[in-house]
Amino acid sequence: MTDPRATELRALHVPGTPLILPNVWDGASTHAVQDAGFRAIATGSAAVAAVLGYRDGEDTPPAEMFAAIARIVRLARVPVTADVERGYGLPPKELAARLAETGAVGCNLEDSDPRTNAPIDAARQADFLAEVRAADPDLVINARVDSFLHPDADQEEAADRARRYLAAGADCVYPIGLSDAERIRWFVREVGGPVNILFRPGTPSLAELATLGVARVSYGHGLHAAAHARAVEMISAIRSGASPYQ
């Protein structure tokens, strides 16, 4: 039976009316995002890893990451999609089963080795995504394309990767690092499917991203990083004898 939360999440990916996802990392941030009226919750792997005391890049033991996702799902009144890096080395069938156990109905899967940042062969990644899709036909898969994390990115190759991933069963593609308006417009047109853009300093506004045809906007670890930086400033102020509230 199709999970209605997965159906709802999938339907929210509308080019030109993007799904906005301020990524969360714990119960408090989950409450804050859904109380603000956002229609879905997305976890951020780097932020969750930091909260758990680990580095990003699949340093987090899978059991701890999935437990953190499950806690967030239990608190959520809206569909949850989970960032699970490249699956923590789990076989596709087991990865899909572990995600289902958490109650998450979507996931991010990246196409580079989390430990070395080396790109995974596009055909191999497409096969991996197809196996995850076969293991759980309901799961809303956001396939990350890491090409634009490198200064010498080949945008044609990135678009080819995206098309392969959509053909393999992904619901949306995520060219992380792509932030130039005209290149976003080109990528959306060339790919011909839902596109997720990471919002960061220098990214076009939400309104402009909508006009570019983007279907999803996420914030990665940016919100957690900013909140943590402010906490560090306040702690430093206390150490120096000053008020942290000035």
Side-chain angles (χ1 to χ4, degrees), residues 12 17-61 64-85 102 104 106 108 110 114 117 142 144 146 148-151 174-181 184 196-212 214 216-246:
L12 290 171
T17 309
L19 170 62
I20 310 301
L21 295 169
N23 298 69
V24 308
W25 53 91
D26 62 5
S29 56
T30 297
H31 283 306
V33 169
Q34 67 182 4
D35 289 350
F38 290 94
R39 299 178 66 185
I41 297 288
T43 71
S45 64
V48 173
V51 169
L52 295 175
Y54 299 100
R55 297 183 302 273
D56 192 28
E58 295 198 346
D59 188 47
T60 309
E64 293 194 44
M65 179 60 73
F66 289 118
I69 293 166
R71 284 193 294 273
I72 288 168
V73 173
R74 285 197 297 271
L75 294 170
R77 301 184 300 271
V78 295
V80 175
T81 180
D83 183 351
V84 291
E85 305 193 57
T102 70
N108 278 14
E110 57 199 53
N117 295 321
N142 190 37
R144 214 174 82 173
D146 290 356
F148 295 102
L149 293 176
H150 306 284
Y174 180 15
I176 188 170
L178 180 60
S179 58
D180 175 78
I184 292 172
N196 179 175
I197 293 297
L198 173 68
F199 194 98
R200 60 181 184 172
T203 301
S205 69
L206 292 178
E208 187 174 1
L209 289 172
T211 67
L212 296 173
V214 170
R216 171 169 166 162
V217 180
S218 53
Y219 288 73
H221 75 291
L223 299 181
H224 175 263
H228 182 70
R230 177 58 182 143
V232 169
E233 289 178 357
M234 296 176 76
I235 292 165
S236 296
I238 295 170
R239 185 67 182 85
S240 67
S243 169
Y245 305 114
Q246 294 179 340

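Because only heavy atoms are used, hydrogens play no part in the values below, and waters and symmetry mates are left out as well, while side chains stay in. Predicted model only: the values in this text are computed from it and were never measured.
- Closest heavy-atom contact between A104 and I69: CB-CG2, 4.1 Å.
- Applying the side chain to side chain donor-acceptor pair (under 3.5 Å) criterion to T30, with sequence neighbours excluded, gives no partner residue.
- Legend: salt bridge (Lys or Arg N to Asp or Glu O under 4.0 Å) pairs involving residues 235-246, not counting sequence neighbours: none detected.
- Put simply, the side chain of S218 never gets that close to the backbone of G220: no donor and acceptor are under 3.5 Å apart.
- Between F199 and P22, every side-chain heavy-atom pair lies at or beyond the 4.5 Å cut-off.
- Looking at E58, its side chain never comes within 3.5 Å of a backbone N or O of P114 through a donor-acceptor pair.
- Side chain of R200 to main chain of G177: a donor-acceptor pair is present (N/O by atom type, distance under 3.5 Å, no hydrogens or angles).
- Between the CG atom of L19 and the CG atom of N196 there is a distance of 8.5 Å, given to the nearest 0.5 Å.
- In this structure the side chain of L206 reaches within 4.5 angstrom of the side chain of I20, judged on heavy atoms.
- For the pair L52/E64, a side-chain contact is recorded, criterion being any heavy-atom separation below 4.5 Å from C-beta on.
- Across every non-hydrogen atom of S243 and A237, the tightest pair is O-CB, 4.0 Å.
- Taking the side chain to side chain contact (heavy atoms under 4.5 Å, CB included) definition, one finds that A46 meets it with D56, H221, sequence neighbours left out.
- I238 places none of its side-chain heavy atoms less than 4.5 Å from the side chain of S236.
- When the salt bridge (Lys or Arg N to Asp or Glu O under 4.0 Å) test is applied to R216, no partner is found at least two apart in sequence or on another chain.
- Shown here for F148 and I176, the closest heavy-atom pair between the two residues is CB-O, 3.5 Å.
- Within the 4.5 Å cutoff, the side chain of L21 has no heavy atoms near those of the V217 side chain.
- Between M65 and Y54, the closest side-chain pair of non-hydrogen atoms is not below 4.5 Å.
- For R77, the side chain to side chain contact (heavy atoms under 4.5 Å, CB included) partners at least two apart in sequence or on another chain are Q34, D35.
- In this structure, L198 and T203 approach most closely via the heavy-atom pair O-OG1, 3.4 Å.
- S29 is linked by a side chain to side chain contact (heavy atoms under 4.5 Å, CB included) to V24, W25, D26, counting only residues two or more places apart in sequence or in another chain.
- Here the closest heavy-atom approach between residue T81 and residue G106 is recorded as OG1-C, 3.0 Å.
- Side-chain contact check for I197 versus I184: some heavy-atom pair is nearer than 4.5 Å.
- Listed for the T43 side chain is a donor-acceptor partner under 3.5 Å among the backbone atoms of D83.
- The side-chain heavy atoms of R144 and L149, taken from C-beta on, include a pair separated by under 4.5 Å.
- The two residues V33 and A40 come nearest to each other via the heavy atoms CG1-O, 4.4 Å.
- A donor-acceptor pair shorter than 3.5 Å cannot be found between the side chains of E110 and Y174.
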